[in-house]
Amino acid sequence: MNTSTNTSTQIASHLLRSRIGKICVAITGANAEELIEKATAVLKETTFLEFRLDYLAKPAAALPQLKEFLAENGAATVIATCRCKDNGGKFNGSNAAALDILMKSAEAGFQIVDIELESIEKLPKGTMAALREAGAAVIISHHDFHATKDLDRIYQRIEPFGPDFIKVVPTAKSLTDNLTLMHFLERMEDRSNSSIVGICMGEAGIISRVLGLRAGSAFTFAAATVGEETASGQIAARTLIETYRIDQVDAATKVYGVAGNPIRSSLSPLMMNTAFRRETVNAVYLALQTNKADDVFKLAKEVPIQGLSVTMPLKEDIIPLLERTDPLSAKIGAVNTVLRAQDGKFYGFNTDVAGIVGPLERRLSLKDAKVLVLGAGGAARAAVFGCRDKGAEVWILNRTPETAQKLARQAGAKTIKREAVAKMGFDVIINATPIGMTGQKGAALLGPEDLTARIVFDLVYNPIETPLLKMARQKGLTAISGVEMFVQQGARQFEIWTGKPAPEEEMLRVVLHALRQGAEPSGETAAAPAPVAAEPAPVKAVAKAPEAAKPAVKSVPVKAAPAKVVAKPVKVVAKAVAKKAPAKVVAKKAVAKKVVAKKRSR
Ligand code: NAP
C-alpha cells in the first residue's frame with residue numbers, strides 16, 4: 001500500500017473510531033429478514049451492530065437485502081462477521097469462502113469486517129489490503145474458548161497485519177483472569193497503533209464486559225436480548241445500558257459486586273445498581289462468579305472493589321481473609337457483606353440478620369417471643385442468632401436433627417420434633433429451608449394444623465407467594481415474603497457501603513417486577529429463565545401477594561429498624577471501621593478460630 005493510501009486509511013479509521021459507541025450489539029438470524037427485523041429494533045437504542053453472517057443459512061444470498069438495509073440506515077455502523085466453524089463460528093465453508101463473503105460485505109456497505117487470526121494467517125498476503133480496498137476497516141480477532149493465556153503472544157501475531165482493531169477474547173476460568181485481561185488492555189492502550197478490544201468470555205468474565213472499557217477496550221459486545229447471546233457470559237444490551245450504566249462507568253466509578261456461585265441468576269445486580277442509580281452514586285455492582293474466596297479477594301484488592309455481597313458458598317470461607325468482622329457475624333460464622341474501609345482493609349458484616357429481624361420487629365417485639373425456625377443451614381443460623389439476640393425463645397426443626405442440636409447448643413436455642421409442633425404455640429414460624437422454592441422438590445414441612453403462630457415468614461422469595469405463605473394467609477395469619485428479607489439485607493448493605501439511606505421502595509419495586517417477569521438478573525423481560533429457579537413465579541399468585549412485602553417496607557422509615565450489629569447508624573460503623581477500632585468488632589484471629597471450630601456438617 002502506498003503512503004497516501006495508508007494516510008487516507010488511517011484518517012478513515014480514526015473517523016470510524018470516533019463514530020462507534022461503547023457497545024456493539026451482536027445480531028443473529030436464520031435469514032436476512034430476521035436479521036434486519038432484529039437490527040431495526042436494536043437501532044432504536046444503539047447504532048453500533050455486528051451482523052453474524054455465519055448464523056445465516058446462506059450468507060452470500062442475504063447480502064443484497066443487507067446492502068439495502070445499510071443504505072437506508074446511514075447512522076448505523078455495522079461489523080460483518082463470518083466466523084468459520086474451526087474458529088468457533090457457524091460458517092461451514094473454507095477460509096477463502098468466508099473471506100469472499102467479507103469482501104462482498106465490505107462492497108455492500110459494511111463499515112467493518114471481522115476476520116479471525118487463524119484465517120488471515122492462512123490466506124494470501126494481500127488479504128488485509130484487499131479488504132481495505134473493498135472499503136472496510138478490519139478487525140482481526142482471536143478467541144480462546146478454554147483459558148486466558150498468552151495474550152501478548154496473540155497480540156504479537158496480529159499486530160504485523162496492522163488492522164484497525166485487534167480483538168482478543170479469552171475465556172475467564174477465574175475472576176483473576178479478568179485482571180490478566182485488564183492489565184493487558186492497559187499495557188496495550190499506549191503501545192498499539194490499532195484499537196484494542198478485549199473481553200473475557202464465560203460467567204466469570206462478566207466483570208470484563210463492563211470494566212474492560214475503563215481499562216482501554218475500544219468497545220464491548222452485547223446480546224440483542226436475553227437468550228440471543230453469541231458468546232458465553234454475554235450480557236444483553238439493555239442490561240449494560242440501563243442496569244450497569246456502562247456509558248457512565250469511568251475512572252471514578254466505584255466497583256461493588258456479589259460473589260458466589262451460581263451468580264448469573266442473582267437479582268442483586270439489578271437491585272443494587274438500581275439503588276446506586278436512584279441515589280446518584282457513581283458506582284457499579286457486578287456479578288462475580290467464583291467458588292473461591294481468595295479469587296474474589298485478589299480481584300477485590302486490585303480493581304479495587306469497595307464492597308461485596310457474599311453468597312453461597314463463600315459466606316464462611318471469606319471470614320479468614322477479612323481484617324475484622326462484627327461480633328454477631330462471628331457468632332453465626334457467616335458474613336454476607338464486606339466493606340473496604342478507608343484504610344484499604346476489608347471488614348465483614350452480616351445483613352441477613354437485619355433482613356430477618358427487621359421485618360419481624362416491625363410486626364412484633366421479639367423480646368420473649370416464641371420462634372420456630374425450620375432448617376439449620378446458613379439462613380437458619382442468621383434467623384436463630386438474630387432472634388436470640390433480640391431476646392426471643394427459639395426452637396429449631398431440621399431434617400438432620402444433629403445439625404439442629406449443634407446450632408441450638410451454639411445459640412442457646414432448643415430443638416423440636418415435627419410431631420410436637422402443632423401442640424406448641426409460637427408467635428413466629430420462619431422457613432429457612434428451600435422447600436417451597438420454584439423447582440425445589442420436597443414435601444411441605446408443615447401442614448395447616450401446625451401453623452399455630454401469628455406470623456409466618458418464608459425466607460424463600462421465588463415464588464413470591466410460596467405454598468407456606470398461601471397456607472398462612474388462608475388461616476388468616478400474617479405472611480411475610482422472603483422478598484422482604486432480600487430487599488432488607490440489600491438495603492443494609494447499601495447503607496454500610498455508602499452511608500446513605502437505601503431507596504428501599506425502588507429496590508423492592510424492581511425485584512418484584514423481575515420476579516413477576518421471570519426475568520434475567522437485569523430485570524429484562526424476554527423469555528428468560530426465572531431468576532432464582534427454573535420457572536417464572538406464577539403471575540396469579542404474585543398478583544394476590546403484594547401485601548406480603550409492600551406495607552412493611554412502606555410504613556417503616558429506612559433507619560427505623562436496622563439490626564444492632566450491622567447498623568447502629570451506618571456512618572458510625574464505617575467511622576469505627578476506618579479507625580480500626582469499632583466497639584463491636586472482634587479480632588480477625590478470634591473469628592478465624594471460631595470458623596475453624598465451627599466447620600459444621602451442613
Ligand atoms: P443451606 O445452608 O443449604 O441450608 C438448607 C437447610 O434446609 C438445611 O437445614 C437443610 O437441612 C434444609 N433442607 C434442604 N432441603 C430440604 C428438604 N428437601 N427437606 C427438608 N429440609 C431441607 O441453605 P440456606 O443458605 O440456609 O438457604 C435456605 C433457603 O433460604 C434458600 O433456599 C433460600 O430460598 C432462602 N434464603 C433467602 C434469602 C433472602 O434474602 N430472602 C437469603 C438466604 C436464603 P439439612 O441440614 O438436613 O441438610
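When a ligand or atom number is given, it counts from 1 through the structure's own listing order.
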Run the salt-bridge test on Glu504 and Arg492 with the 4.0 Å N-O cut-off and return the result as yes or no. yes
Is the closest basic N to carboxylate O distance between Lys370 and Asp427 below 4.0 Å? no
Against heavy atoms of Gly375, which atoms of ligand 1 measure under 4.0 Å? 9 (O)
For residues 372-411, the ring pair (Phe, Tyr, Trp, His ring centres under 6.0 Å) pairs (sequence neighbours left out) are Trp395-Phe426
Under 4.0 Å from one or more heavy atoms of Leu445, ligand 1 contributes atoms 20 (C)
Should we count CZ of Arg278 as having more than 12 external heavy atoms under 6.0 Å? no
Those residues that, when tested against Ala222, pass side chain to side chain contact (heavy atoms under 4.5 Å, CB included) (two or more places apart): Ile23, Ala237, Leu240
With heavy-atom distances below 4.0 Å as the criterion, list the atoms of ligand 1 near Ile435. 17 (C), 18 (N), 19 (N)
Within the side chain of Arg388, is there an N or O that forms a donor-acceptor pair under 3.5 Å with the backbone of Gly412? yes
Please check this pair: side chain of Ser208 against backbone of Asn178, looking for a donor-acceptor N/O pair closer than 3.5 Å. no
Of the listed options Asp458, Asn398, Val460, Thr403, closest to atom 46 (O) of ligand 1 (non-hydrogen atoms): Asn398
Taking all non-hydrogen atoms of both residues, which atom of Tyr256 and which atom of Ala283 are closest, and how far apart? CE1-CB, 3.7 Å
N or O pair under 3.5 Å between Arg399 and ligand 1: yes
Under 4.0 Å from a heavy atom of Ala376: give me the atoms of ligand 1 that qualify, with their elements. 9 (O)
Side-chain donor or acceptor of Thr325 paired with backbone N/O of Gly348 under 3.5 Å: yes
Looking only at N/O atoms, are Val483 and ligand 1 under 3.5 Å apart anywhere? no
Report the part of Phe486 in contact with ligand 1, treating N, CA, C, O as backbone and CB onward as side chain, heavy atoms under 4.0 Å; options are side chain, backbone, both, neither. both
What atoms in ligand 1 come closer than 4.0 Å to a heavy atom of Thr400? 45 (P), 46 (O), 47 (O)
If you take the nearest heavy atom of each of Ala380, Ala432, Ala444, which one is closest to atom 6 (C) of ligand 1? Ala432
So is Met312 polar-close to ligand 1, meaning N/O to N/O under 3.5 Å? no
Under a 4.0 angstrom heavy-atom cut-off, which atoms of ligand 1 come close to Met437? 32 (O), 34 (O)
If hydrogens are left out, which of Ala383, Ala379, Ala382 has an atom nearest to atom 24 (P) of ligand 1, that is, the closest non-hydrogen atom? Ala379
Of Met485, Glu402, Gln488, the one whose closest heavy atom lies nearest atom 43 (C) of ligand 1 is Met485
